[in-house]
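Down below is the structure, laid out as structure tokens.
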Amino acid sequence: MYDRIKGFRDTYPESMGARRWLFDTVESTARGYGFREIDTPALERTEMYVDKSGEEIVEELYSFEDQGGRDVALTPELTPTVARMVAERGQELSKPIKWFSTRKFWRYEQVQQGRFREFSQTNVDIFGSAEPDADAEILAVAAEMLTELGLQPDDFEFRVSHRDVLGGLLESFDDEDATDVDTEAAIRTVDKRAKLERPQYLDQLVAAGLSADQAERFDDLLDTPESELDELVAFADNDRVSKAIENLQAVLAAADDLGVREYCTLSLSTARGLDYYTGTVFECFDATGDVSRAVFGGGRYDDLIGDLGGPDTPAVGFAPGDATLSLLCQRAGVWPEESLTTDYYVLTAGDTRSQAAAVARELRSRGHVVESDVADRGFGAQLDYADSIGAETVVIVGEQDLESNEYTIKDMDSGDQTTVPVDEFPGDLERPTFADFA
RNA sequence: UCCGGGUUGGGGUAGUGGUUAUCCUUCAGCCUUGUGGAGGCUGAGACGCGGGUUCGAUUCUCGCACCCGGACCCA
């Protein structure tokens, strides 16, 4: 026996159904908004990720040298690839570009709840619009995906924030006494606010360049409720903050029009750990807190495509993954039961293979899932098998039945059965069952 | 990389320094050559890997792997 690679998962038929359902739902929602599906390579040059994230990132990549001497890596994310695609086609593409893609990604990370080394993600992005409507549409698609999965408003919430509000506030402190605030470090600290002990948290803010007093005040500002956002503008007296708040309010107003405002909560302490976000950021959380980490997140990253060598292109998107999304669904009780279903089992008894095959063919041509014996099993064993695959109806094509020119139709749920003349099954019926002949 | 808890047939488990390693389930076959979800019988199938201690290790011990949480990180 060979070991399965740590962090990689096998999926058996019973659970595959649920995963299919998950991604089918997610994808059809994206399609409904006009997002177009793309596909991308599983392998890219390692350099692409190093340029974006620094040399350390190599430790978290599955990277190697290929036979042609190229340094390549299994893709840990989609964004650089998409940036390349956008750069390559440039003006040729009509804006906004709305793309989605469901794929596997690989990251050499520590395995934890909701986190594996191989995972699937659906990336949904809009490129080429800096308008708040684009941010709001992203929030709307994301929320609708969850409600389509059967989640209720009290199952999840989107914590919405804005990178420039945080950045601008920090900037205003910076101006205040000409200290040198490390904005990115401060924002990363904010992102950890809930996890850190308060003194430790404040210490980290101080380490990022704020004075102890400023750290306290800054933190207080993060609790500003939505209704008092305007006061933040007055406080900061800073162009960047006022623009950011105006933008955030516009996004929320547009989200309201799109019918997803109820899922969004203002949460200035939601920062996303990433440095490249530039505007709206949001994280989806399980409302009960049973799923302790963010289910997924997203936001605006207007500089990234340009930084990666593409044309300056505003962008906003998000990416739900299978691991955390299924946790959320399970917690909310909407994860489908993991068992097999089969429409028909065509049972053979005696030498009736060609007749049975004809019946199966007829039923399959109507679009049904039909199984028949391929293991040379006896009557009882075939029924046993039909039971194990969750067959709804068993069509018995047996020598005895054929003598009287009939089939026997058996309902597996009740065990009831009846006979029907050969030329009446399936006849004109699309989906004949026991009830049609009882 | 770090911290905590795990690992006994396919799944779930009992147990022991020397046993034919327990039970349930599963799977295959039969009782039953035309009736599954009930019963009976037969069969298949396990001590994660490696080292150490020992006359003897599944049991004690160390290391590793993997699994479940968590920290760091999270593109």
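Heavy-atom basis, side chains included; hydrogens, waters and symmetry copies ignored. Throughout, a chain's letter reflects where its sequence line sits, starting with A, and its residues are numbered from 1.
OP1 and OP2 of rC72(B) both lie 4.0 Å or more from every side-chain N or O belonging to K192(A).
The one candidate from T280(A), D135(A), T278(A) that meets the side-chain hydrogen bond (donor to acceptor under 3.5 Å, both in side chains) condition with R300(A) is D135(A).
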Enumerate all atom pairs, one protein N or O and one N or O from nucleotides 63-67 of chain B, separated by less than 3.5 Å.
unit_1: rC67(B); atom_1: OP1; unit_2: G7(A); atom_2: N; d: 3.3

Below 3.5 Å between N/O atoms, which protein atoms pair up with nucleotides 26-28 of chain B? Just atom names and distances, please.
unit_1: rA28(B); atom_1: OP1; unit_2: R377(A); atom_2: NH1; d: 3.2

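Among the heavy atoms of the strands, none lies under 4.0 Å from L347(A).
By the 4.0 Å N-to-carboxylate-O rule, K98(A) lies close enough to E137(A) to be salt-bridged with it. K52(A) has no carboxylate O lying under 4.0 Å from a charged side-chain N of D307(A), or vice versa, which leaves the two without a salt bridge. Using a 4.0 Å cut-off between charged side-chain N and carboxylate O, R377(A) and D384(A) make no salt bridge. Using a 4.0 Å cut-off between charged nitrogen and carboxylate oxygen, D436(A) and R431(A) do not count as a salt-bridge pair.
Considering only side-chain atoms of Q113(A), the nucleotide from rG70(B), rG34(B), rG36(B) that sits closest is rG70(B). Distance from the side chain of D387(A) is smallest to rG36(B) among rG36(B), rG69(B), rA71(B). If you check rG37(B), rG34(B), rC74(B) against the side chain of D401(A), the one that comes closest is rG34(B). Distance from the side chain of R115(A) is smallest for rC72(B) among the nucleotides rC72(B), rU35(B), rG36(B). Comparing rC74(B), rU35(B), rG70(B) against the side chain of K195(A) picks out rC74(B) as the nearest.
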Next item on the list: For nucleotides 41-50 of chain B, just jot down a letter per nucleotide in 5' to 3' order: B, S or -, based on protein non-hydrogen atoms under 4.0 Å.
Entry: ----------

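For RNA chain B, runs of at least 3 consecutive pairs of the Watson-Crick or G-U wobble type, with both hydrogen-bonding distances under 3.5 angstrom, map to B:1-7 with B:65-71, B:10-12 with B:23-25, B:26-31 with B:39-44, B:48-52 with B:60-64.
Under a 3.5 Å cut-off, the side chain of R45(A) and the backbone N or O of D71(A) do not form any donor-acceptor pair.
The distance from atom CG of D10(A) to atom P of rG10(B) is 15 Å, rounded to the nearest whole Å.
Partners of Y108(A) by ring pair (Phe, Tyr, Trp, His ring centres under 6.0 Å), not counting sequence neighbours, listed by chain and number: Y62(A). Partners of R293(A) under the salt bridge (Lys or Arg N to Asp or Glu O under 4.0 Å) rule, at least two apart in sequence or in another chain, do not exist in this structure.
For an aromatic pair to be called close, the ring centres must be under 6.0 Å apart, and F156(A) with Y263(A) satisfies this.
Taking every heavy atom of both residues into account, R353(A) and T348(A) meet most closely at CA-CG2, 4.5 Å.
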